[in-house]
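Okay, so here's the structure we're looking at.
Chain A is the first sequence line, chain B the second, and so forth, proteins listed ahead of strands; every chain is numbered from 1.
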Amino acid sequence: GDSVTQMEGPVTLSEEAFLTINCTYTATGYPSLFWYVQYPGEGLQLLLKATKADDKGSNKGFEATYRKETTSFHLEKGSVQVSDSAVYFCALHRGWDTGRRALTFGSGTRLQVQP
Amino acid sequence: AAGVIQSPRHLIKEKRETATLKCYPIPRHDTVYWYQQGPGQDPQFLISFYEKMQSDKGSIPDRFSAQQFSDYHSELNMSSLELGDSALYFCASSSYRDKDYEQYFGPGTRLTVT
């Protein structure tokens with residue numbers, strides 16, 4: 001079945017440090033890939049997405065590239081801020097034509113940014 | 001822009017009681033999903049509906065049922081509540097007719113079973 005594996009947290013960084021959160025997936029076909037962010041006490045917000053191989057999703061300084069050859073979708077940001085502290089979830093969607101219509105989430109990675 | 005609305009935001013129930021959670025999708029969205037997120041865990045898919053028909057089923061207990069109504073809102077009914085049902089329940093919506101796979105999440109309902 002489908003699965004998403006994320007690096008374990010928490011990840012603790014100083015402000016302005018470089019961030020990488022690793023995400024790899026297992027799925028048949030050509031899934032769409034997503035990063036969601038969850039701030040304390042809030043719901044899930046879509047951060048960025050990529051729908052085909054070599055696509056790069058970007059938003060708010062975050063980037064991730066869909067790498068089919070390594071089945072990866074690593075999240076990066078060049079300079080993190082305290083306000084980026086949250087839990088980040090990698091997720092995949094296998095598409096309507098396969099009959100599987102739910103998102104499969106990774107276990108989440110908690111990011112803590114210290115001033 | 002309109003977002004997904006969930007009610008209530010917080011709910012406290014005792015063991016063996018029943019609970020009903022409601023979800024109002026974004027206007028024009030035809031698909032609704034329910035997820036359960038336990039403390040410190042990732043969201044687990046429960047069930048989804050497209051055009052009022054169940055479209056996919058995940059790890060939903062037999063004690064739970066759900067439906068989507070003609071106005072596209074959805075309700076998750078939970079009976080014989082157990083302590084382990086305490087979790088954050090998210091509803092998400094998307095538009096199949098617009099071929100938009102992005103799921104928009106509501107703020108969640110926090111259910112506490114005592």
Side-chain angles (χ1 to χ4, degrees), chain A residues 1-10 21 23 25 27 29-52 55 57 59 66 73 86-112, chain B residues 1 3-7 9-10 21 23-26 29-51 53-60 66 68 87-110:
Chain A
D2 299 341
S3 67
V4 177
T5 303
Q6 287 181 236
M7 64 187 288
E8 290 189 16
I21 300 178
C23 170
Y25 68 90
Y30 301 93
S32 295
L33 301 173
F34 305 85
W35 277 101
Y36 281 86
V37 58
Q38 186 175 32
Y39 298 101
E42 297 186 12
L44 292 160
Q45 301 175 28
L46 179 68
L47 182 58
L48 54 83
K49 66 180 180 182
T51 58
K52 60 183 187 295
D55 266 3
N59 186 26
Y66 188 162
F73 193 55
V87 180
Y88 293 80
F89 290 96
C90 185
L92 72 81
H93 185 286
R94 203 143 50 86
W96 297 105
D97 56 342
T98 63
R100 176 71 175 147
R101 301 182 178 123
L103 288 166
T104 299
F105 287 91
S107 56
T109 302
R110 181 175 300 279
L111 170 65
Q112 297 173 335
Chain B
V4 176
I5 298 172
Q6 290 188 247
S7 68
R9 293 293 310 276
H10 301 273
L21 279 53
C23 169
Y24 298 87
I26 291 172
H29 280 192
D30 48 29
T31 307
V32 169
Y33 311 78
W34 286 97
Y35 294 86
Q36 177 192 56
Q37 185 180 29
Q41 298 180 6
D42 59 295
Q44 294 292 314
F45 170 67
L46 293 178
I47 196 166
S48 63
F49 292 87
Y50 165 65
E51 285 291 345
M53 299 288 289
Q54 181 182 308
S55 58
D56 201 1
K57 190 173 181 180
S59 52
I60 186 169
Q68 186 180 31
L88 196 53
Y89 290 83
F90 288 111
C91 171
S93 73
S94 67
S95 175
Y96 176 71
R97 71 167 73 90
D98 293 335
K99 297 294 189 287
D100 184 357
Y101 301 163
E102 180 175 333
Q103 294 183 20
Y104 297 80
F105 283 79
T109 294
R110 184 171 297 282

ask   = Which bit of B:P107 comes within less than 4.5 Å of chain A, counting heavy atoms only: side chain, backbone, both or neither?
value = backbone
query = Between A:Q6 and chain B, which part of the residue has a heavy atom less than 4.5 Å away: side chain, backbone, both or neither?
reply = neither
inquiry  = Just so I understand: if I count every heavy-atom pair under 4.5 Å between each of B:A92, B:G106, B:P43 and chain A, which residue has the most?
reply    = B:P43
ask   = Distance-only, no hydrogens or angles: does the B:R9 side chain make a donor-acceptor pair with backbone N or O of B:G108 under 3.5 Å?
value = yes
Qualifying residues under side chain to side chain donor-acceptor pair (under 3.5 Å), relative to B:Y35, sequence neighbours excluded = B:Q103
inquiry  = Which one wins on heavy-atom pair count under 4.5 Å against chain A: B:Q41, B:R110, B:Q37?
reply    = B:Q37
note = Across all chains, not counting sequence neighbours, the side chain to side chain donor-acceptor pair (under 3.5 Å) partners of B:Y89 are B:Q36
ask   = Is it true that a side-chain atom of B:Y33 and a backbone atom of B:F105 form a donor plus acceptor pair closer than 3.5 Å?
value = no
remark   = The interface call for A:F89 against chain B, heavy-atom contacts under 4.5 Å, is side chain
message = Side chains of B:Q44 and B:D42: any donor to acceptor distance under 3.5 Å?
response = yes
message = So for atom CD, which belongs to A:Q45, do other residues, nucleotides or ligands contribute more than 12 heavy atoms lying within a distance under 6.0 Å?
response = yes
key: Part of A:L46 lying under 4.5 Å from any heavy atom of chain B   = side chain
Proximity breakdown for B:L88 and chain A, heavy-atom pairs closer than 4.5 Å = side chain
